[in-house]
Each structure stands twice: as C-alpha cells, then as structure tokens.
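Below: one structure, written as structure tokens.
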Amino acid sequence: MKINRKSFRDKVMGCWLGKNAGGTLGEPLEEKFGKKEMFHVDWYPFLPEGGIPNDDLELQLIWLQQLRKKGPGLTAADLVEAWTDCVAYNFDEYGLCKENMQKGLLPPVCGWHNNAFKDCMGSPIRSELWACVAPGCPELAAWYAYQDAIVDHGGGESVYGEIFNAVLESCAFVNNDKFILLDAALASIPKSSLTYQCVKRTIDNFHLGMKYEENRNDLVEAFYNPVAQYSPLNLGFQTIGWLYGEDFGDAICKAVNCGWDTDCTAATLGAILGIIGGASALPEKWIEPLGYEIATNMTTGGIRNLTAPTDIRELTEVVCQEAERVLNYWGKDIEFCDEDMSYSGKGQIKIPELNFLKDYAPDSLVYVYGGIRETLQYDKDAAIIGGRASKITVKLKNLHPVEKRMDIQLELPEGFYLKGEGTKQLILKPEGDTQIVYEICADAAQIRDTNQCWLKMKVCGEPALPAIPVVLLGGNRWMISRLYPDKTIEDDCVIMVIITHYDWGDKDSPFFTMLINMAVPVFMIISGYNFAMSNRKKTGGNLKKMYAWEMIKPKLIRFLVPFFTVCLIEIVLLVIEDKHINPPRIFLLGAYGPGSY
C-alpha cells in the first residue's frame, strides 16, 4: 500500500486540530456525574485563546516523547517510566495506578488492583497517537493501544475502548466509510464486552430509524452508569455524534449534547473527522479561534518534563517522521511516497487479528527467563492483610525441546509464612508445563505498605536466572458508602447551617456550638477551593481570563437566580406571618438569618 506524504501530513494535522476543537467544546460542560437531561450547545461555551488544557492531548504528547526515546518496540513497562517522570495528575484511575506503581506493581496489575475507575475514559482518549504512527495498520495501532491502556485500566472496559478507537482511526487513514470503519473497530474487540454492545446498539438503533435524542436516551437506559467518565456509554455517544452529525460542528456538538464525558467524546470524534477529511477540510469557523498552539497544564502541575512539541504544525512533522520509523521497524508493507496519488477513500481494510488478547490476563505478570515462561497470577487482589491468606499461582511453561530440572523457592519478608512448603524441585518435560499455588500469610503487625517476596529459580546445568519480585501491598480498611451522584459535601454544610437556624430547645449545647461555628467556615473553604480549582483548570490561573465576562456571566446566573428566588419566598412568608418587611435587610442578611441563603 502506498501513502502520499502530503495527504498523510494533512490528515495527521487534521487529527490534532479536530482533537483540540472537540476537547475545547466539551470541557466546560464535563461534570463528575452524568445527567439524564441533554445539553443544547452549538458553539464553544467558553473560548480562551489557544483552547482549554486537556489530558486527552497532553498525555499523548508525553507518550510521543517516550516513543521517540524508547523506539518502536515500546511496551507498557516503558510507559510506566513516562507516568512516573511526567504525569502529575492524581485523580481517579491516574492516581490509583500511580500509587500501585510507586508501591511496586507492574502493568497490567497496577491498573487492575484496587482500581474502581478501570472502566473510565482515561485510556480511550489516548488512541490517536497510535493510529497516526500506524496508518492503515490497525493491528499495530491496537497493540500500542493495548500496551497503553493496561497500565491504568487493566481488566477494565477501557482497554477495549482504546483498542476500538485506535483501530477505527488507523483505518480512517485509508478509508472514509463510517460503517466500514465502525465494523472494523467492533471486530477488534470481544462481543461480550459492554463497549461492543453499546456501540453495536447505537448503530442498530440508527439503522432502525431511531432519532438522535431517542437513540441517546435508549443508551442511557440500557447502559446507565452515574459516573460521567464511564467508557462504554461514552463510546456510544461519540458514535451517535458521528452517525447523526450533518457536518464537523454539528457532529461534535451532538456528541457533547449527549452528556457524560463531554470533552472526551467530542475530542475523539473531532480527531476521527480530522483524519478522514484532513486539516484542509476542517471548517475555519471551528479551528481558527484556537490557533495551532496546544494549551497544557504544565504550569498548573498536571504534567511535567514535557519536551514534545506543542505547536500542532511542528507536532505533525514529528509524528509523520515517527510513523515512517515505526512502520519500517515492524516491516509493514506500506510505502510513503511523494508522487501525486488520487485518494479514493475506499482503501482495503483488513480486519485485525489481535491474538495478544487471547492471552490477556489483567491479574498476571509474565516473564521469560532461561527458556521458561513464568506467569505470576494473583487471586482476587494484589494485597495481603492479617488473618487472610493471599493466594499466588506460579505457572511454568518450558519453551524448549529438552527437559528442564529446576529448584524453585519463594522467599518471604520477616513475619510472613506459607501454608505448605516454600521450596520445590520440579522436572519440566520438553514444552511441558506445571503450576504451583502458594498461600502467603502474615502477622498483621509485620505488614507494610509494600511487601516484597522473591521467587527464585535455579535450572540445573544452566546459567543463573534473575529473581522475580512478588509484590503484595498492605491492605487497608476503608469505610465504604453508597454513591450519591447528586450530593456533595457542600450539601452537608448547608444542612448543618439550616439545622442551626431552627428554634431548637438547647442551642448552647456543644453539638449546636460545633454546627454553627464549623458549618459556614467549612462551606466557604470547600466552595472557595472548588472555585479556585475550576478557574485554574479553565484559565490556567490567569486573573484576566478568570474575571472575563464569559467566565463571570454563568456564575452570576447560577447565583442570582436562586438568590432572588429565596428573597421572594422569604417576602411571601413574612407577609403570611404578618411580620415587618425590611427589603434591604432581607437582601443583605436574609429574613431568617444569613443561613437562609
């Protein structure tokens, strides 16, 4: 297959421009929890110069510099280095996987253990780089996406989400038929996954003639999850925007208006449309206001040590060079050329066979030493707590046509002990396999945050093998509560304030003293913190942007509408109670005290 360099460069640039536009459109509307009501935007709700910083783009810049550093043979272990060196974000799956890494766990276990966010959008939003360096090679794009996703989403739907996007985008470099692209992407992930089922239902609903809003509402009912970043539902929404959108702007707006993770759905769809049409086909109305510079959170601490270019023109050149290096490394039958070629948009797509998914086990680590494949499999988690045995299964596979005699021993930290023997002698037949199950126990007082055991093997008559670390994290006891998607800690503070304004009998008790003294300060601190973090995310801490009319207007509306509503209610209540009405006092202090607001 031949790819014209000029056309390819146009598509890569379109990818990044479209990604930036979609992310800037949706970011101001993103919330923690999805709402069943739809949005109704047809333009950027907030439009700072250069766009809004977004991890969707930033992390891919970091992955690019790691790809250039490590080379096309990049693996999940190489990406761990980039996480520890360059990623400062600590929310949701990012923070949980980083903690697991810092305590000694490797991918995919660091993304699997104790991660309630492994079904969220952190990895599906990072697919574009892999597609751009593997144009027309969906199996290679999927391999990179897999290496990326298992680091922070091991065992989650998001692994399939990133593979789906990477395959679709890789194929979009050679074919622009949306249904062919969707079919290829669906064929690359398991039919049993919720990601497959949600996207497939979206397409089926469209073919049945279901309207845009009906399709969206059907997905919400069928795949509902209150967390706004829930991956399967968001991939359905990104597909809805594509199927029903009449043009670039209408498509990304429709994706955003579905709700949930609005910046991610619009950003990915913007990238897909940018690849298909190229930068030259993107509407100037949506692209020109943002320019070519990618805004990042370098100054606010989201990322650090970034060296990859943030100018989209320079970024495009670097990515195009890297694509040629990657495809040459893997020996792909794709030739980049400068000769004029007519682009039909109907290039042949080969459905990728992703054999690596057959061996995918998020609870396991695989090593190959001395011609033996050693698989270390955790049971329910990678933790140890007092009073409970932690089960570890060691699977051994002889990859050689000769018999292997070996001694295997599991060394434990002080205060740890095994149920059964720790040292075993084995004979592995040619290409044979076996497994050993260890049950590890520990005195509670001896358990640390990180507890490192060592699996040591000696093959008779062969060179020494490295010891394999078996890391168990110290278990913690947590107070678990139900999910209250519409309730925040500010609500509790408001309730505390309201309680103190009722005519209780004993307001001098310590209980009410605590309420009245703590409720308002705590409420103000939390509200101020949320306000500051919101402004830092949207304006980068720039005071001029922070107090611009576009920022102040929605906040005033959110404040003044309920404020005057309460004022009116209080006046009505005072009239009913036949009490004196003092409008200035009501306006400033509230008829029933400041807490009434």
Side-chain angles (χ1 to χ4, degrees), residues 1 3 7-23 56-57 59-61 63-64 67 121 123-149 158-189 195 199 231 234-235 238-239 241-243 245 248 251-252 255 264-279 281-282 312 315-316 319-320 322-323 326-327 332 334 343 345 347-352 354:
M1 181 189 299
I3 294 180
S7 174
F8 178 57
R9 189 179 299 110
D10 186 49
K11 287 177 175 293
V12 172
M13 183 175 291
C15 171
W16 302 123
L17 290 173
K19 183 84 170 177
N20 196 28
D56 301 44
L57 261 173
L59 294 182
Q60 295 193 74
L61 298 179
W63 292 182
L64 172 61
L67 176 63
M121 286 294 284
S123 66
I125 61 177
R126 306 193 298 252
S127 60
E128 286 78 26
L129 174 62
W130 314 128
C132 286
V133 298
C137 295
E139 74 287 348
L140 181 55
W143 165 253
Y144 282 128
Y146 169 77
Q147 296 296 320
D148 178 12
S158 307
V159 174
Y160 303 129
E162 184 167 0
I163 290 174
F164 174 91
N165 281 342
V167 167
L168 192 157
E169 291 161 341
S170 173
C171 293
F173 278 98
V174 297
N175 194 298
N176 60 15
D177 186 305
K178 67 179 68 174
F179 295 108
I180 292 178
L181 296 175
L182 287 167
D183 286 345
L186 283 175
S188 67
I189 62 176
T195 303
V199 174
S231 175
N234 281 296
L235 264 74
Q238 111 188 359
T239 306
W242 193 13
L243 294 177
F248 177 85
I252 61 176
C264 294
T265 54
T268 299
L269 181 52
I272 292 171
L273 296 174
I275 293 172
I276 291 174
L282 291 176
I312 289 177
L315 173 64
T316 297
V319 171
C320 289
E322 202 61 29
V326 166
L327 296 182
K332 295 301 179 181
I334 290 183
Y343 173 69
Q348 186 176 1
I349 291 177
K350 183 180 178 182
I351 303 299
L354 307 184

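Both backbone and side-chain heavy atoms feed into the values below; hydrogens, waters and symmetry mates do not.
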With a 4.5 Å limit on heavy-atom distance, are the side chains of [X] and [Y] in contact?
| X | Y | value |
| --- | --- | --- |
| I349 | L181 | yes |
| L235 | Y160 | no |
| I334 | F173 | no |
| Y146 | L354 | no |
| V199 | I189 | no |

Can you sort out the partners of T195 under side-chain hydrogen bond (donor to acceptor under 3.5 Å, both in side chains), two or more places apart, ordered by chain and number?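 T195 satisfies side-chain hydrogen bond (donor to acceptor under 3.5 Å, both in side chains) with E157 once adjacent residues are dropped.
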Looking at residues at least two apart in the chain, or sitting in another chain, which of them share a side-chain hydrogen bond (donor to acceptor under 3.5 Å, both in side chains) with D183?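 Partners of D183 by the side-chain hydrogen bond (donor to acceptor under 3.5 Å, both in side chains) criterion come out as none, since no residue qualifies.
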C320 and V12: which non-hydrogen atoms are nearest, and at how many Å?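 Shortest heavy-atom separation between C320 and V12 comes out as SG-CG2, 4.1 Å.
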Would you name the heavy atoms of S158 and A149 that are closest together and state the gap between them?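 Scanning both residues completely, I find the closest heavy atoms to be O-CB, 4.3 Å.
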side-chain contact (heavy atoms from CB on, under 4.5 Å) with A187: which residues, sequence neighbours excluded?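 Partners of A187 by the side-chain contact (heavy atoms from CB on, under 4.5 Å) criterion, ordered by chain and then number, come out as I351.
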Holding to side-chain contact (heavy atoms from CB on, under 4.5 Å), I want the full list of residues that pass it with A271, two or more places apart in sequence or in another chain.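 For A271 the side-chain contact (heavy atoms from CB on, under 4.5 Å) partners, ignoring immediate neighbours, are C15, K19, E128, E169.
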Restricting to pairs with a member in residues 133-142, which pass side chain to side chain donor-acceptor pair (under 3.5 Å), not counting sequence neighbours?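 Applying side chain to side chain donor-acceptor pair (under 3.5 Å) to every pair that reaches into residues 133-142, excluding sequence neighbours, yields E139-K332.
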Taking only distance into account, with no hydrogens and no angle test, what donor-acceptor pairs under 3.5 Å do side-chain atoms of residues 129-138 form with protein atoms, sequence neighbours excluded?
unit_1, atom_1, unit_2, atom_2, d
W130, NE1, R126, O, 3.4
W130, NE1, D148, OD2, 3.3
W130, NE1, E162, OE2, 3.1

